2 protein chains.
Amino acid sequence: MKILPEKTVERLSQYRRTLYNCIDQGKERIYSHELALLLNITAVQVRRDIMFIGYNSYQRKGYDIKDLIGKISLIIDTQEPLNVAVIGYGNLGKAITTYFIGNRPKLNLVAAFDIDPKKIGSEVNKIKCYSIDRLREIIVNNDITIAILTVPTHSAREMAKILVQSGIKGILNFTTVNLNVAPNIYLEEYDMITSLEKVAYFVKHKPEEEE
Amino acid sequence: MKILPEKTVERLSQYRRTLYNCIDQGKERIYSHELALLLNITAVQVRRDIMFIGYNSYQRKGYDIKDLIGKISLIIDTQEPLNVAVIGYGNLGKAITTYFIGNRPKLNLVAAFDIDPKKIGSEVNKIKCYSIDRLREIIVNNDITIAILTVPTHSAREMAKILVQSGIKGILNFTTVNLNVAPNIYLEEYDMITSLEKVAYFVKHKPEEEE
DNA sequence: TAACATTTGTTATAAAAATAACAATAATTT
DNA sequence: AAATTATTGTTATTTTTATAACAAATGTTA
């Protein structure tokens with residue numbers, strides 16, 4: 001299958017989570033406009049994304065929620081689960097660990113790393129913290145392919161380098177340092193301060209939204 | 001001035017932070033391609049963004065870093081500082097508080113809120129945690145306009161409602177619930193699980209990047 | 001000083017993403 | 001059973017974002 005647009009991948013992930021919530025509430029079918037409302041987007045957007053993944057509903061009956069979840073999972077999940085590690089086990093690293101609980105069957109959070117001896121050996125939600133000295137060893141032995149980087153600014157570049165050397169294929173970067181990695185490594189940057197400054201800007205310059 | 005494109009606002013925020021780092025390293029001037037390299041983007045992108053804010057360098061000498069920071073600040077900062085509150089003082093709330101330290105002169109983090117009696121009264125980086133019961137009172141009295149939402153899923157919608165009723169103008173939403181708010185409230189959603197699933201997808205479907 | 005090189009600022013083009021338009025289909029109403 | 005309605009799936013259009021192209025400016029070299 002052709003590679004999907006980035007934004008579609010993002011939304012598919014959100015659709016799936018929302019659809020799981022619907023199932024919990026006993027819902028079996030959902031219309032495009034219902035799903036759109038839940039996500040604050042338009043029904044056309046939903047239908048277009050679903051077109052991309054080639055799912056067909058029974059016409060006029062909405063989508064079968066379980067089927068749709070299955071189809072989305074087929075597209076965005078890997079066959080084999082991917083192993084993930086959190087690098088930096090401060091508040092943010094722990095917060096992410098908590099978000100993870102029992103959530104994603106195809107993404108296993110398997111280890112955390114920190115430099116602080118007090119943290120090493122500690123656990124949050126069964127995820128154990130190892131010394132950063134053992135990074136390479138544990139990444140290689142556990143076939144970890146994705147790293148979530150939450151270390152302090154000053155060590156971010158150094159860490160990224162070690163991660164790539166250890167065979168990591170994707171990095172989700174929460175530090176405020178813009179990393180430079182080889183083009184075969186997928187890098188997703190997330191910067192909280194920028195998000196906040198963006199909110200501040202658009203609060204001031206309300207974009208004249210009218211409905 | 002005309003409202004800037006969202007992506008440009010995001011990058012301006014990043015430019016500024018990067019430029020501050022350059023000053024710390026004793027640098028005074030910077031070329032568009034240098035700044036681009038630091039942020040992993042192209043020089044054209046940088047020049048185009050700078051064009052948007054109407055800053056002019058001395059030709060061929062690169063940009064004066066201090067001047068540029070000043071100009072960016074003029075554009076993306078508010079005149080009067082905006083007050084910000086963190087709603088939910090768990091690991092994530094605390095992590096965000098830490099990110100904030102002494103960082104943004106025009107964005108004051110003034111209070112945190114939680115429902116857990118054990119947390120109420122506690123402090124992280126001088127930011128005190130109040131009971132959620134006092135949300136409205138404190139928001140109104142302190143003229144808080146931006147809320148960072150890090151509460152558990154089940155209370156997210158309820159919280160958002162109270163925030164809007166209390167006069168909040170912008171919400172940065174870290175919960176995995178998609179909120180529906182009035183169109184005059186600026187809402188920025190951030191979803192860590194989606195980011196991670198996106199990394200997983202593109203690690204699997206490496207987009208054939210070659211240079 | 002003439003030719004060249006470098007870097008910006010801006011216009012032009014391309015790519016990505018979102019929205020709109022609408023035919024096709026199937027249920028419902030008259 | 002014909003007309004109407006609701007909903008999907010897809011193509012067409014628009015908007016947003018990124019990239020490319022290049023003139024203007026200015027310093028450097030021959």
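Chain naming here is simple, since letters A, B, ... match the order of the sequence lines and numbering starts at 1 in each. Being a predicted model, the structure only gives us computed values, none of them experimental.
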Determine: side-chain N/O of [X] to OP1/OP2 of [N], distance under 4.0 Å, yes or no.
{"X": "B:Gln45", "N": "D:dT19", "result": "yes"}
{"X": "A:Ser32", "N": "D:dT7", "result": "no"}
{"X": "A:Ser57", "N": "D:dG9", "result": "yes"}
{"X": "A:Arg11", "N": "C:dA18", "result": "yes"}

Rounded distance in Å - [atom1] ([X]) to [atom2] ([N]):
{"X": "B:Glu6", "N": "D:dT17", "atom1": "CD", "atom2": "C1'", "value": "11 Å"}
{"X": "A:Ile50", "N": "C:dA18", "atom1": "CD1", "atom2": "C1'", "value": "16 Å"}
{"X": "A:Asp49", "N": "C:dA18", "atom1": "CG", "atom2": "P", "value": "8 Å"}
{"X": "A:Leu35", "N": "D:dT7", "atom1": "CG", "atom2": "P", "value": "14 Å"}

*asked:* For a quick check under 3.5 Å, do A:Tyr15 and A:Asp49 share a side-chain donor-acceptor pair by atom type?
replied: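 Looking only at side-chain atoms, A:Asp49 and A:Tyr15 do form a donor-acceptor pair, the distance falling under 3.5 Å.
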*If we ignore angles and hydrogens, is there a donor and acceptor under 3.5 Å between the side chains of A:Asn125 and A:Thr97?*
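No, because no side-chain N or O of A:Asn125 sits under 3.5 Å from a partner of the opposite role on A:Thr97.
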*Of A:His33 and B:Lys7, whose nearest nucleotide on DNA chain D comes first from the 5' end?*
A:His33
*Heavy atom of residues 60-72 of chain B under 4.0 Å from DNA chain C: which residues?*
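Those residues are B:Arg60, B:Gly62, B:Tyr63.
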*CD1 on B:Ile139 to CD1 on B:Ile168, rounded to 0.5 Å*: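 It is 4.0 Å, given to the nearest 0.5 Å.
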*Using five base pairs at each end, measure the axis-to-axis angle across the helix from C:dT1-D:dA30 to C:dT30-D:dA1 and round it to 10 degrees.*
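One end axis against the other gives 10°.
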*Nearest nucleotide by nearest heavy atom, which residue falls closer to the 5' end of DNA chain C, A:Thr8 or B:Tyr31?*
B:Tyr31
*asked:* Between B:Glu34 and B:Lys27, does any NZ, NE, NH1 or NH2 come within less than 4.0 Å of an OD or OE carboxylate oxygen?
replied: yes
_side-chain hydrogen bond (donor to acceptor under 3.5 Å, both in side chains): pairs with one or both residues in residues 143-156 of chain B, sequence neighbours excluded_ = none
*Answer with yes or no whether B:Arg47 presents, from its side chain, a donor or acceptor under 3.5 Å of a partner atom in the base of C:dT7.*
no
*Using a 4.0 Å heavy-atom cut-off across all strands, classify A:Tyr55 as base, sugar-phosphate, or nothing.*
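Sugar-phosphate: the residue A:Tyr55, judged by heavy atoms under 4.0 Å, touches backbone atoms but no base.
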